[in-house]
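Below is one structure; the comments refer to it alone.
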There are 2 protein chains.
Amino acid sequence: MNTNPVRFAKALADETRQEIMAHLCCVWLSVNDLVDKMEGKVNQPTVSHHLKKLEEVGLVNVREEGRFRYYTLNQEQLTACCGVLVRSFAPDYAAQIILPDTIPTEK
Amino acid sequence: MNTNPVRFAKALADETRQEIMAHLCCVWLSVNDLVDKMEGKVNQPTVSHHLKKLEEVGLVNVREEGRFRYYTLNQEQLTACCGVLVRSFAPDYAAQIILPDTIPTEK
DNA sequence: TAATCCTATTGATAATCGTCAATATGTCAA
DNA sequence: TTGACATATTGACGATTATCAATAGGATTA
């Protein structure tokens, strides 16, 4: 199923999730690492919950290692979704930008 | 005040609002015109409510004419917000794209 | 095997949000 | 000025969602 712009926007439409995304940019972190980075703002189940939502729209990649699960931001997916937005809602600008042609997928 | 990515995403995070945005792409429509385009899915106060949210983050422009208010999609704002997203969350791709340098504003 | 650790799930609660009916505000026309 | 029209606002209601406490599910370690 394709990630449509509404699901993409809903995944981004939360302060906590965007903070999590910032922490996952260019780095792999375990859930507990992330909880630490959040500095007490949210607890472990909440972080898990947000990671699941991000994973559902392909905005994070996961790597399992024993009892750990390492997450990282999927930059290509984010860029592709932004590309869909611009092509849908800013046709006058779409021609000027270069974005991945990847067809985003989700669960 | 700057339009931050969370507010931008929240404005996009609704099916009805994205449908309204699609109708306002490259064209000026009055509120009632929009209500007609929505084909009974939502009523006039609801359309007004959504237009207000889009206006608050600068995603639509408004032109007043007598008792009419004409709305249109602000493509540049949308593109700029996507640019902020890509630069924030996809640095590996940001260099490849060209997006307006406009600093988005909101109410 | 038992204990410990990491993460996910469940259930509950509060807050946010989309929608509508009713009404208010403001503008044009008769 | 009065009535009709276009849009915005208010208040209420239901649905969704973010959060936490408690607990379950696996995997490692002692």
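Reminder, nothing fancy here: chain letters follow the sequence lines and each chain counts from 1.
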Does A:Lys53 have a side-chain nitrogen or oxygen under 4.0 Å from the phosphate oxygens OP1 or OP2 of D:dA18? yes
Look at the side chain of B:Arg17 and the backbone N and O of B:Leu54, then say whether any donor-acceptor pair between them is shorter than 3.5 Å. no
Check whether any side-chain N or O of A:Arg17 sits under 4.0 Å from OP1 or OP2 of D:dT17, and answer yes or no. no
Nearest-nucleotide 5' precedence on DNA chain C, B:Glu65 against A:Tyr70: A:Tyr70
Output yes when at least one side-chain N/O atom of B:Ser30 is less than 4.0 Å from OP1 or OP2 of D:dT7, else no. yes
Which of these nucleotides, D:dA18, C:dC6, C:dC28, is closest to any side-chain atom of B:Arg67? C:dC28
Value in whole Å for how far the P atom of C:dT19 lies from CD of B:Glu15: 10 Å
Is A:Tyr71 near enough to C:dA8 that one of its side-chain N or O atoms lies under 4.0 angstrom from OP1 or OP2? yes
Value in whole Å for how far the P atom of C:dC6 lies from CG of A:Leu29: 15 Å
Backbone N or O of A:Val62 within a donor-acceptor pair of the A:Glu55 side chain at under 3.5 Å? no
Before accepting this row, confirm whether a basic side-chain N of the pair A:Lys41/A:Glu15 lies closer than 4.0 Å to the acidic partner's carboxylate O. no
DNA chain C contacts among residues 34-50 of chain B, heavy-atom distance under 4.0 Å: B:Lys41, B:Val42, B:Asn43, B:Pro45, B:Thr46, B:His49, B:His50
